[in-house]
Amino acid sequence: MVGNFIGDFVKGRNLLQQFEPDVARGIELHRVIDEFTDHHPVVRESKIRLRPKYRHYAAVIVDVFYDHFLSKYWDQYHPQPLTDFTRDTYKTIEARWEILPADVQHMLPYMIRENWLLHYGEIAGIQQTLTGMARRTRHDSKMEESVVELKAGYDQFKSEFEQFFPDLADRSKQFLMDT
């Protein structure tokens, strides 16, 4: 879990030289998920609708939209209540504080205090996330405006997520069985 969580913040291929095997495996899983998502035809359809306005930020926005659907409909995908899952996740990650990249150590207290994982299920929660991401980009991403597209195309984005997520879960399980 910790490796998967920090995957975006870890560079390089020599993961076993940097981390213990379970953490390295989590980082590898994160990379498999990213690769699978980037090339999935259903995700591509979601991105195409956003690309004219948001250009290469469309992929980031779709990830956040899909996080929204996972959080909002969590009980359809996982037996543990989301409130319990988020609490356990934060505890697990905090317990490995010493291996967290500096950017994660900086972000994690805010994430826990505002309970991002739980609040992704609310439009206001992802609005806050997208606004924060837009502030940190060097270019005018307009990500803070993208909730308008989510609301306008809510059912279509939800349908695409529902088509995509079981494929992602299968791919993730396959990776974990193979490693």
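Note that OG1 of Thr131 is 10.0 Å distant from CD1 of Ile126, once rounded to the nearest 0.5 Å. Here Arg55 contributes atom CZ and Leu50 contributes atom CG; the two are 12.5 Å apart, rounded to the nearest 0.5 Å. Expressed to the nearest 0.5 Å, how far OG of Ser141 lies from CG of Leu130 amounts to 8.5 Å. The CG atom of Asp103 sits 11.0 Å away from the CG atom of Asp8 when rounded to the nearest 0.5 Å. We find the CG-CD1 distance between Leu168 and Ile33 to be 5.5 Å, quoted to the nearest 0.5 Å. Distance check: Phe157 CZ to Glu45 CD gives 11.0 Å after rounding to the nearest 0.5 Å.
Side chain of Trp74 to main chain of Gln80: a donor-acceptor pair is present (N/O by atom type, distance under 3.5 Å, no hydrogens or angles). No donor-acceptor distance shorter than 3.5 angstrom exists from the side chain of Ser71 to the backbone of His68, with no hydrogens or angles considered. Between the side chain of Gln127 and the backbone N or O of Glu144, at least one donor-acceptor pair lies under 3.5 Å. Remark: the backbone N or O of Leu82 is paired with a side-chain donor or acceptor of Thr86 at under 3.5 angstrom. In terms of modelled atom types and a separation under 3.5 Å, the side chain of Ser146 and the main chain of Lys142 share no donor-acceptor contact. Here the side chain of Arg25 pairs no donor or acceptor atom with the backbone of Gly3 at under 3.5 angstrom.
Here the closest non-hydrogen pair linking Tyr66 and Glu160 is OH-CB, 3.5 Å. Looking at every heavy atom in both residues, Val64 comes nearest to Met133 through CG2-SD, 4.0 Å.
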Please lay out, stage by stage, how His30 and Phe9 fare under the test ring pair (Phe, Tyr, Trp, His ring centres under 6.0 Å). CA-CA 11 Å; His30 183 101; Phe9 299 88; 8.7 Å; no

Can you list the steps and then say if Val23 with Ile6 is a side-chain contact (heavy atoms from CB on, under 4.5 Å)? CA-CA 9 Å; Val23 174; Ile6 66 173; 4.3 Å; yes

Given the rule in the side-chain contact (heavy atoms from CB on, under 4.5 Å) test, do Tyr54 and Lys47 qualify, once you have shown the distances and angles that lead to the verdict? CA-CA 9 Å; Tyr54 303 102; Lys47 291 188 290 191; over 6 Å; no

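Taking the side-chain contact (heavy atoms from CB on, under 4.5 Å) definition, one finds that Val32 meets it with Arg171, Phe175, sequence neighbours left out.
Side-chain contact between Val10 and Phe19 is present, with at least one heavy-atom pair separated by less than 4.5 Å. Looking only at side-chain heavy atoms (C-beta outward), Arg31 and Glu35 stay at 4.5 Å or farther from each other. By the 4.5 Å heavy-atom criterion applied to side chains, Lys158 and Lys72 are not counted as neighbours. For the pair Phe36/Val43, no side-chain contact is recorded, criterion being any heavy-atom separation below 4.5 Å from C-beta on. The closest side-chain heavy-atom distance from Val2 to Leu100 is below 4.5 Å. In this structure the side chain of Ile27 never reaches within 4.5 angstrom of the side chain of Gln18, judged on heavy atoms.
Checked against the 6.0 Å centroid threshold, Phe161 and Tyr77 count as a close aromatic pair. Less than 6.0 angstrom separates the ring centroid of Phe69 from the ring centroid of Tyr154.
Salt bridge Asp84/Arg87: present, at least one basic N to carboxylate O contact under 4.0 Å. Of the charged side-chain nitrogens involved, none lies within less than 4.0 Å of a carboxylate oxygen, so that Glu94 and Arg96 do not count as a salt-bridged pair.
Side-chain heavy atoms closer than 4.5 Å link hydrophobic residues (I, L, V, M, F, W, Y) into clusters, and following such links, even through other members, never connects Ile48 to Val62. Met1 and Leu16 sit in two unconnected hydrophobic clusters of ILVMFWY residues. Membership requires side-chain heavy atoms under 4.5 Å apart, directly or through other members. In the hydrophobic clustering of this structure, Val148 does not group with Val60; members are Ile, Leu, Val, Met, Phe, Trp, Tyr whose side-chain heavy atoms approach within less than 4.5 Å, directly or through other members.
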Quick one: side chains of residues 107-115, donor-acceptor pairs under 3.5 Å with protein atoms, not counting sequence neighbours, listed by atom name and distance.
| from | atom 1 | to | atom 2 | distance (Å) |
| --- | --- | --- | --- | --- |
| Glu114 | OE1 | Trp116 | NE1 | 3.2 |
| Glu114 | OE1 | Gln128 | NE2 | 3.0 |
| Asn115 | OD1 | Tyr90 | OH | 3.0 |

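Using cut-offs of 30° and 60° on the angle between ring planes, the pair His56 and His139 is perpendicular.
In summary, the side chains of Glu162 and Tyr73 do not present any donor paired with an acceptor at a separation below 3.5 Å, with no hydrogens or angles considered.
Few gaps surround NE2 on His78; more than 12 heavy atoms of other groups in view lie less than 6.0 Å from it.
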